[in-house]
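Remember, it's 1-based here, ligands and their atoms both numbered in the order they're listed.
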Amino acid sequence: MKKLFAILMMLTSLSIAAAQENYTPTADNLAARQWFSNAKYGLFIHWGPFSIPGAGEWVMDEKKITVDSYSRLQDFFNPTEFNAAEWVGLAKKSGMKYITFVARHHDGFSLWDTKYSDFNIMNTPYKKDILKQIADECHKQGIKLFVYYSLLDWRREDYAWKTGRTGQSSGRKTQGKWEDYLTFMKNQLTEILTQYGKIDGIWFDGHWDQTNPEGHADRTSRIDWRYDEIYSLIHRLQPQTLIGNNHHLSPFPGEDFQMFERDLPGENTAGLSFQKPSEKLPLETCETINNSWGFNLADNTFKSTETIIHYIVKASALGANLLLNIGPMPNGKIQPEFTERLLEAGKWLEANGDSIYNTTAGYIKPQKWGAITQKGDKMYVHVFKGNQQIQLEGFPFKKIAKAYYLADKRKLSVSLKQKTVTLQLPAETVDPDTVVVLEVES
Ligand code: H79
């Protein structure tokens with residue numbers, strides 16, 4: 001047992017050694033982390049030529065499409081209905097504070113005018129830089145911009161595809177030099193960080209392509225990602241840029257926030273989140289509005305507005321942001337089932353945002369009946385639909401000075417006895433989330 005532990009520790013330190021050691025975030029970066037912690041809700045966008053088949057962003061790998069065949073999509077991608085102002089405006093109206101835009105997914109297509117790959121938006125019939133339009137519009141409308149950048153590549157021969165867990169049906173024959181792939185990524189990241197104004201975050205994905213499965217003792221990478229070089233490059237070009245990496249492991253040195261995929265921090269129902277929530281870094285969980293990230297013509301499993309609101313509340317109650325994904329259609333339009341739900345949740349946030357933005361985690365985790373968020377001397381008790389009496393045990397404050405509904409300030413009687421608060425509502429709640437404010441004194 002001891003021996004196993006020693007081996008695990010050694011492996012852990014090996015993987016850490018590859019990251020940006022001795023990283024000291026700048027004051028701007030710390031301020032950006034604080035902003036991020038307070039933001040609570042962002043829009044994730046998966047979109048590109050992979051949207052055309054309408055079968056999700058993994059279509060190349062799942063349908064075993066070779067690089068040659070897949071390249072044809074470049075000739076078809078012509079999103080004439082794309083309007084950056086509409087997308088950014090939708091995020092803003094929906095109460096979202098940032099957009100995480102997939103600029104290059106695992107299929108290797110770049111949605112900006114890059115010098116380092118021909119498989120890019122300028123070589124489609126559309127011929128206009130998408131990232132530029134999104135970045136300009138985000139800056140104009142005051143929405144922060146995070147850029148998703150895939151570490152994994154199903155296309156390039158210099159990616160270490162032979163050791164990859166995916167991308168084995170792409171028809172690649174030769175194995176190029178890893179050094180070249182690293183240079184390529186650094187060149188592309190430099191473009192993104194120098195030609196598009198302020199970039200608020202870089203969101204990496206694909207590290208797991210090179211690790212053994214969860215549960216396997218060796219979870220280190222089969223290759224050296226040289227995060228020390230990549231992260232320090234990013235922090236040198238834009239020190240405030242927040243780096244996150246969807247490696248499903250504990251944060252590496254140099255990372256500024258921790259992310260979870262399709263699970264609340266501390267939960268692992270989707271099987272991708274084995275890592276413990278960090279106590280130091282801001283947290284984010286991403287989830288998608290149906291069951292697909294990229295546009296999927298057959299996926300009608302839209303989450304209800306109520307489910308979305310509950311997810312925002314539960315994430316906030318755990319001190320995390322929700323990054324909610326949509327996959328726009330290949331023509332650049334967002335399907336009405338998505339916009340309706342986003343706008344409805346946005347309406348709820350407009351009325352109840354005080355209980356979400358700038359809050360910290362509740363003193364207890366989310367419960368079946370709802371959840372708690374806190375801010376200064378206010379505790380927000382979120383009572384989900386269909387509940388009437390709530391008991392809060394182990395209440396950490398001495399006194400409740402006032403209790404009222406957030407929506408209309410109507411008073412509510414509560415009792416606090418032996419560290420237990422009892423909230424008795426007049427009837428079972430009918431709204432997705434009824435927020436009660438407790439003004440507390442310690
Ligand atoms: O961009 C979206 C997805 O395309 C990407 N991340 C989100 C944000 C994603 N890729 N894969 N997954 C999500 C699910 C992960 C599946 C995995 Fe595996 C299970 C990775 C490692 C174990 C499948 C099996 C791929 C490799 C082995």
Side-chain angles (χ1 to χ4, degrees), residues 15 42-65 70 98-111 146-155 159-170 201-223 225 243-249 255 257-265 267-275 283-296 299 301 303 311 315 320-328:
S15 72
L43 180 65
F44 208 173
I45 303 177
H46 278 72
W47 183 65
F50 58 62
S51 309
I52 298 170
E57 78 291 351
W58 271 61
V59 63
M60 178 178 175
D61 200 51
E62 285 174 357
K63 299 259 192 251
K64 300 189 179 359
I65 303 171
Y70 193 84
Y98 62 102
I99 288 177
T100 303
F101 182 68
V102 175
R104 173 172 157 271
H105 205 264
H106 313 329
D107 66 358
F109 183 82
S110 303
L111 283 128
F146 285 53
V147 174
Y148 172 111
Y149 188 84
S150 175
L151 295 158
L152 148 68
D153 194 296
W154 290 329
R155 178 179 188 85
Y159 176 72
W161 60 271
K162 285 199 173 163
T163 51
R165 292 164 76 178
T166 66
Q168 297 304 319
S169 312
S170 64
I202 298 286
W203 208 103
F204 286 114
D205 198 4
H207 173 101
W208 39 259
D209 192 48
Q210 299 285 342
T211 58
N212 283 311
E214 285 81 1
H216 192 284
D218 182 1
R219 297 278 288 122
T220 53
S221 192
R222 294 166 186 154
I223 49 154
W225 290 102
I243 297 176
N245 190 330
N246 192 27
H247 44 47
H248 310 156
L249 301 165
E255 293 169 8
F257 67 101
Q258 185 186 24
M259 56 177 79
F260 296 82
E261 181 169 339
R262 306 200 75 176
D263 258 308
L264 293 166
E267 293 183 358
N268 187 13
T269 58
L272 299 168
S273 306
F274 293 79
Q275 69 277 36
L283 310 175
E284 178 193 72
T285 179
C286 58
E287 182 49 285
T288 185
I289 196 158
N290 48 9
N291 263 311
S292 316
W293 300 96
F295 178 60
N296 187 331
D299 186 352
T301 60
K303 291 183 180 61
Y311 215 79
N321 293 354
L322 170 62
L323 178 63
L324 182 63
N325 179 75
I326 55 167

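Per-residue contacts place W208 under 4.0 angstrom from the following atoms of ligand 1 (heavy atoms of the residue considered): 10 (N), 11 (N), 20 (C), 21 (C). Residue Y148 has at least one heavy-atom neighbour below 4.0 Å for each of these atoms of ligand 1: 1 (O). For ligand 1, the atoms lying closer than 4.0 Å to a non-hydrogen atom of E57 are 2 (C), 3 (C), 4 (O). Of all atoms in ligand 1, numbered sequentially from 1 with element shown, those under 4.0 Å from a heavy atom of H105 are 1 (O), 2 (C), 3 (C), 4 (O). Atoms of ligand 1 lying under 4.0 Å from any heavy atom of W58, numbered from 1 in the order shown and given with element: 3 (C), 4 (O), 9 (C), 10 (N), 11 (N), 25 (C).
Counted by atom type alone, H106 and S150 present one or more donor-acceptor pairs between their side chains at under 3.5 Å. One side chain, T166 or D209, offers a donor N or O that lies under 3.5 Å from an acceptor on the other. For the 3.5 Å distance criterion, the side chains of S221 and Q210 fail to qualify, holding no donor opposite an acceptor. In the model, E214 has no side-chain atom that pairs as donor or acceptor with a side-chain atom of W208 under 3.5 Å. In this structure, a donor-acceptor pair under 3.5 Å is absent between the side chains of W293 and N296.
Contact annotation for T166 and ligand 1: only side-chain heavy atoms (C-beta onward) come within less than 4.0 Å of the ligand. No part of N325 comes within 4.0 Å of ligand 1, judged by heavy-atom distances. Counting heavy atoms under 4.0 Å from ligand 1, residue D205 touches it through the side chain alone.
Here the CG atom belonging to N291 is positioned 5.5 Å from the CG atom belonging to D299, to the nearest 0.5 angstrom.
V59 is listed as a side-chain neighbour of Y70, based on a closest heavy-atom distance under 4.5 Å. Between T163 and I223, some side-chain heavy-atom pair lies under the 4.5 Å cut-off.
Annotation: atom 1 (O) of ligand 1 to nearest protein heavy atom, H46 NE2, 2.6 Å. Among protein heavy atoms, atom 22 (C) of ligand 1 sits closest to R165 NH2, 3.4 Å. Protein heavy atom at the shortest distance from atom 13 (C) of ligand 1 is E261 OE2, 2.8 Å.
Of the protein's heavy atoms, none falls inside 4.0 Å of atom 24 (C) of ligand 1.
Residues Y159 and D153 share a closest heavy-atom pair of CD2-O, 3.3 Å.
Taking each of D209, T100, L272 in turn, the one with a heavy atom nearest to atom 17 (C) of ligand 1 proves to be L272.
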